Amino acid sequence: EDYLEWRTGDRINRSLKTKAKSLLFCPLTLDLACLTAVAQVMLARLLDDVVKQLSHADSSLMIPLIMRLFLMSLSKQLLILLTLIFLIVFSVNFVMSMDNIRSYLQGESEVHVQDTATSLGLSLSPHMADETDPILRTMMNAIFDTGYYKEMRLLDVDGNELIRLTNPDEVHGVPSWLPRFFPIETATAVSEISTGWNIAGTLQVTSNPGYGYLKLYEQFKSTLKFSSFILLGAILLLLVVLRMTLRPLKAITEQANDIS
């Protein structure tokens, strides 16, 4: 009688509001195991009506999100749960994939600068007899201008700097958060230059991480696009499977509704 009077009245009775709140926020006090299937369906419909009326009537009695999840249908609950699981799995896999790419680029940079230092050192070796020979700077500029290096230094046997070439530390074309979350350390290779049997100097080559970040950002965009397509496809497939699996249960619910 209170329920019918509340549904037809213009104002919500406070005592009924208190009953509805106690019914909603203390679900553990109900022994649902003792209820028949028809009674469970009637209770679910009553709870749904109470939620709608309370949501529209008084904003201070809005049902918390966790209660709304409990009042959702089984298919929606399973869909939300499995979607969250898929999202967590894809996120972890995505981060691990990006870290593996970063490690690969880091190792590739170290090998590249070591090869450059070795080959350029051998090319400079015949000209180290005259430390003022302009061919030394010309040969170093030819390699350095490719842009893959942050710094090149040519030192004599006493450690005095003969030639120094540098590039700015700025990284263009990538977002600022990428170097913070996936840092690529600069690699430095050292090669000794000899003339005959004597050491004539040392060549130091330092890699430029900017190109590594550009490659990493390109991989980030392609991996994110590919992973998003897979996640969307998995969610759609999950939705279809849930509907097919829960179809018999839905038929039983409809029969219970007809009985009630």
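Here the structure is a predicted model, which means the values were calculated and not measured.
The minimum heavy-atom distance linking Leu120 with Met139 is given by the pair CD1-O, 4.1 Å.
By the salt bridge (charged side-chain N to carboxylate O under 4.0 Å, His left out) test, Asp115 pairs with no residue at all, sequence neighbours left out. By the side chain to side chain contact (heavy atoms under 4.5 Å, CB included) test, Ile230 pairs with Phe90, Phe226, sequence neighbours left out. By the side chain to side chain contact (heavy atoms under 4.5 Å, CB included) test, Asp145 is found to be paired with Asn141, residues two or more places apart in sequence or in another chain being considered. Asp130 pairs by the side chain to side chain donor-acceptor pair (under 3.5 Å) definition with Thr132, not counting sequence neighbours. In this view, Arg164 and Glu151, Arg153, Glu161, Thr166 satisfy the side chain to side chain contact (heavy atoms under 4.5 Å, CB included) rule, not counting sequence neighbours. For Tyr149, the ring pair (Phe, Tyr, Trp, His ring centres under 6.0 Å) partners two or more places apart in sequence, or in a different chain, are His112. Every residue two or more places apart in sequence or in another chain was checked for a side chain to side chain donor-acceptor pair (under 3.5 Å) with Asp158, and none qualifies. With sequence neighbours excluded, the residues forming a side chain to side chain donor-acceptor pair (under 3.5 Å) with Asp99 are Arg102, listed by chain and number. With sequence neighbours excluded, the residues forming a side chain to side chain contact (heavy atoms under 4.5 Å, CB included) with Glu110 are Gln106, Ala187, listed by chain and number. Among residues two or more places apart in sequence or in another chain, the ring pair (Phe, Tyr, Trp, His ring centres under 6.0 Å) test is passed with Trp177 by Phe220.
Residues Val157 and Leu162 do not share a hydrophobic cluster, defined by chaining ILVMFWY side chains whose heavy atoms lie under 4.5 Å apart. Note on Tyr217: it clusters hydrophobically with Tyr104, by side-chain heavy-atom contacts below 4.5 Å among ILVMFWY residues. Hydrophobic clustering of Ile, Leu, Val, Met, Phe, Trp and Tyr side chains at less than 4.5 Å, counting indirect connections, keeps Ile135 apart from Leu155.
No side-chain donor from either of Ser207 and Thr186 sits under 3.5 Å from a side-chain acceptor of the other.
Alongside Val240, the hydrophobic cluster contains Met244 (criterion: ILVMFWY side chains under 4.5 Å). Think of Val241 as one node in a network of Ile, Leu, Val, Met, Phe, Trp and Tyr side chains linked at under 4.5 Å; its network also takes in Leu237.
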